[in-house]
Number of protein chains: 2
Amino acid sequence: MPEKVTIATVARHAQVSRQTVSNVLNSPHLVREETRERVRDAIATLGYRVSQAARQMRTGRSKLLAARIEPTRDGINGSVLDRFLHGLTETAEAAGYRVLLYTAGDRAAEIAAYDDLLGAYDLDGFVLTGTDHGDVRTAWLAERGVPFVTFGRPWDSPERHPWVDVDGAAGAAQATRHLIGAGHRRIAFVGWPAGSGVGDDRRSGWLAALREADLPYADELDRRTVDGITEGAAVTRDLLALAEPPTALVCASDSLAIGALQAARTYPPNGRDLAVTGFDDTPVAQAIGLTSVSQPLGQAAARCIELLTALLDGDVSGGPRAAGQPPSQVLLRPSLVIRQPA
Amino acid sequence: MPEKVTIATVARHAQVSRQTVSNVLNSPHLVREETRERVRDAIATLGYRVSQAARQMRTGRSKLLAARIEPTRDGINGSVLDRFLHGLTETAEAAGYRVLLYTAGDRAAEIAAYDDLLGAYDLDGFVLTGTDHGDVRTAWLAERGVPFVTFGRPWDSPERHPWVDVDGAAGAAQATRHLIGAGHRRIAFVGWPAGSGVGDDRRSGWLAALREADLPYADELDRRTVDGITEGAAVTRDLLALAEPPTALVCASDSLAIGALQAARTYPPNGRDLAVTGFDDTPVAQAIGLTSVSQPLGQAAARCIELLTALLDGDVSGGPRAAGQPPSQVLLRPSLVIRQPA
DNA sequence: TTGTAGGCGTTATCAA
DNA sequence: TTGATAACGCCTACAA
């Protein structure tokens, strides 16, 4: 059984003191080049790796970040988080961090999870997803000076913290313009109940594009419902039954869009032609040839890590954030993936 | 700024020595009940949590498990891993473990990741996914006595290690029987190139069900291709062009099944009726009303954690596994989700 | 430029 | 039943 390789093993092997090895690791400029090389050789041949546990005890930094993995709700939108997580892990690795997973049924459980993770593993920071109005989580973390970034804007509270988000309004506007360009004049919006930051944002893009093209706003074409395939189908049947039905739909999610397509295809007696766009470019959209707004999730994840590590490096103490530098915000532009229904 | 609560703080508060607090935590039976209560009160009021880092230095156990998050390959099958990971995290939490994520482009990178994770974070164990023939990863881990479980059977090598898997043959057989029950007599199989353990397994279920029903095997109905929508469509067009085309298809994945459906719908001149079953019950299947074989992923994840923690508890030393108890294997039965195409 | 001493929070060992 | 002591591997002073 091979002996555990510590900093002492390396020191012995390279004929230097333990401290010199530590210097090579943390402040290489202090060590003479020749010595440095010798130590690096020893490290390589012995396969030494610093023990994060031991380092953490001295420095208080664990090089661990946390992210939540949600219970695949809808199933369709689930893959969004999946791709985001993958990007997060990849970028974090490059920055010398690891991502720890946690689950939480509700906000209270999530805060309990923070407490546990912080206490037991001394996490360096958090990446929160799915912000909503009056998010209690950010308040809790900010209060304790825990570094964090959110993927999603803080929708109301003026709390200032770093965040990354995708411009949903721009995405919806692109989709709407695409439909207008294809000759549509009556374009409905199917979104989520007012009050959902994300939903309202996307709706505003639809509105803006209509205005831009001098198309009138009609209240009957502005619909809200809970997310889901069946809900999307129900709303669509409603819309198609109007005296002057829309010829195209901008949907706030792929789930709604799929429902819309199904409803249109089976609308009595022989189905109805209806152009539909979705949101999130999920695998389902890809599979059925649905035009959808694609979020740059890999990029978003990378920017989250960037922001977080910047915070971490400027905040070695772990104490409250220095008031000096303002937190950064990043708004990414989505892109429209145009497809032909298969 | 609140002082950091350590075992010493608790000891002072409860008027005992540090060691007694440690005993309350790890060997409560050694401590008199009255003292125990006092210490527990102190722990609660102070909000003390043991520092995993410090504990790890003494015990060598990190309470950390690792799992790989794959780059959403196909997009469609990606969500399978997603759901598995969620189950893993949830069950691990209940067992007092946390899940650390890592990525790896290929097998070599994956082994490098093991090395890093083991060296730096001193991980307690690994959950591997997607085993294939002659998996080098399991050999590497076994050689070093690192505890691990695979989700997926070791397909050839007689290496004995704990694993959890879903009975793909049983799933394919169920799908085939369902089609037979619906009156189909010419049922094709669309799977992956021979040599893929998972693919061969699923194919064998189709074969068995045919035999069971005294249906003849026809070579021309036994197809293999790379996974993907377009590939599935191509194979299906091929099949439909046969002199005696099949009326139903059992597919080894939802991707292939989707391709098959698209090909059938657009088969000249007016499309062709074709019953299709998929595999994995992905969100896409749900969305388009595809009958598919569903894997009990949450259960699989839970069994993985069970097996792994059992290993961990019996293997405190971290050394080679005790030869005494044979590793456990778990084969779960999938279920068929029957749907009507929407 | 390199080496020595001490301590981070915990648990194992041993003594009281 | 409880308490003192040492050690896990590392890093930050400080001294040489």
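Each chain gets a letter, A, B and so on, in the order its sequence line appears, and its residues count up from 1.
- From the 5' end on, the contacts that DNA chain C makes with chain A at under 4.0 Å to a non-hydrogen atom open and close at C/dT1 to C/dG9.
- The main-chain N or O of B/Lys63 is never found under 3.5 Å from a side-chain atom of B/Gln52 such that the two would form a donor-acceptor pair.
- Between its opening and closing five pairs, the helix from C/dT1-D/dA16 to C/dA16-D/dT1 changes axis direction by 40°, a value rounded to 10 degrees.
- Contacts between residues 16-28 of chain B and DNA chain C, defined by a heavy-atom separation below 4.0 Å, involve B/Arg18, B/Gln19, B/Ser22, B/Asn26, listed by number.
- Protein atom CD of B/Gln15 is 15 Å distant from nucleotide atom C1' of D/dG3, rounded to whole Å.
- Formation of a donor-acceptor pair under 3.5 Å by the B/Ser51 side chain with backbone atoms of A/Ala120 is not found in this model.
- Remark: B/Thr35 is in phosphate contact with D/dT2, judged by side-chain N or O atoms under 4.0 Å from OP1 or OP2.
- Using a 30° and 60° split on the angle between ring planes, B/Trp140 and B/Tyr114 fall in the tilted class, from 30° to 60°.
- Side-chain contact annotation: B/Arg18 with B/Asn23, donor-acceptor N/O pair under 3.5 Å absent.
- Side-chain N or O atoms of A/Thr131 include one that pairs as donor or acceptor with a backbone N or O of A/Arg153 at under 3.5 Å.
- With A/Pro162 as reference, A/Leu307 is the one residue of A/Leu308, A/Leu307, A/Val330 to meet the side chain to side chain contact (heavy atoms under 4.5 Å, CB included) rule.
- In this entry the distance linking CD1 of B/Ile7 with P of D/dA4 reads 14 Å, nearest Å.
- Of the residues listed (B/Val149, B/Leu117, B/Leu65), the one engaging B/Phe126 in a side chain to side chain contact (heavy atoms under 4.5 Å, CB included) is B/Leu117, and it is the only one.
- In this entry the distance linking CZ of A/Arg12 with P of D/dG9 reads 11 Å, nearest Å.
- To the nearest angstrom, C1' of D/dT12 lies 13 Å from CZ of A/Arg55.
- Under a 3.5 Å cut-off, the side chain of A/Ser27 and the backbone N or O of A/His29 do not form any donor-acceptor pair.
- Using a distance-only test at 3.5 Å, with no hydrogens or angles considered, no donor-acceptor pair links the side chain of B/Thr35 to the main chain of B/Val31.
- Taking the charged nitrogens against the carboxylate oxygens, A/Arg36 and A/Glu33 have no contact shorter than 4.0 Å, which rules out a salt bridge.
- You'll find a donor-acceptor pair under 3.5 Å spanning the side chain of A/Arg58 and the base of D/dC11, going by distance alone.
- Proximity of B/Val21 to B/Ile7: side-chain heavy atoms (C-beta onward) are separated by under 4.5 Å at one or more points.
- A/Leu30 has its CG atom 11 Å from the P atom of D/dT12, to the nearest Å.
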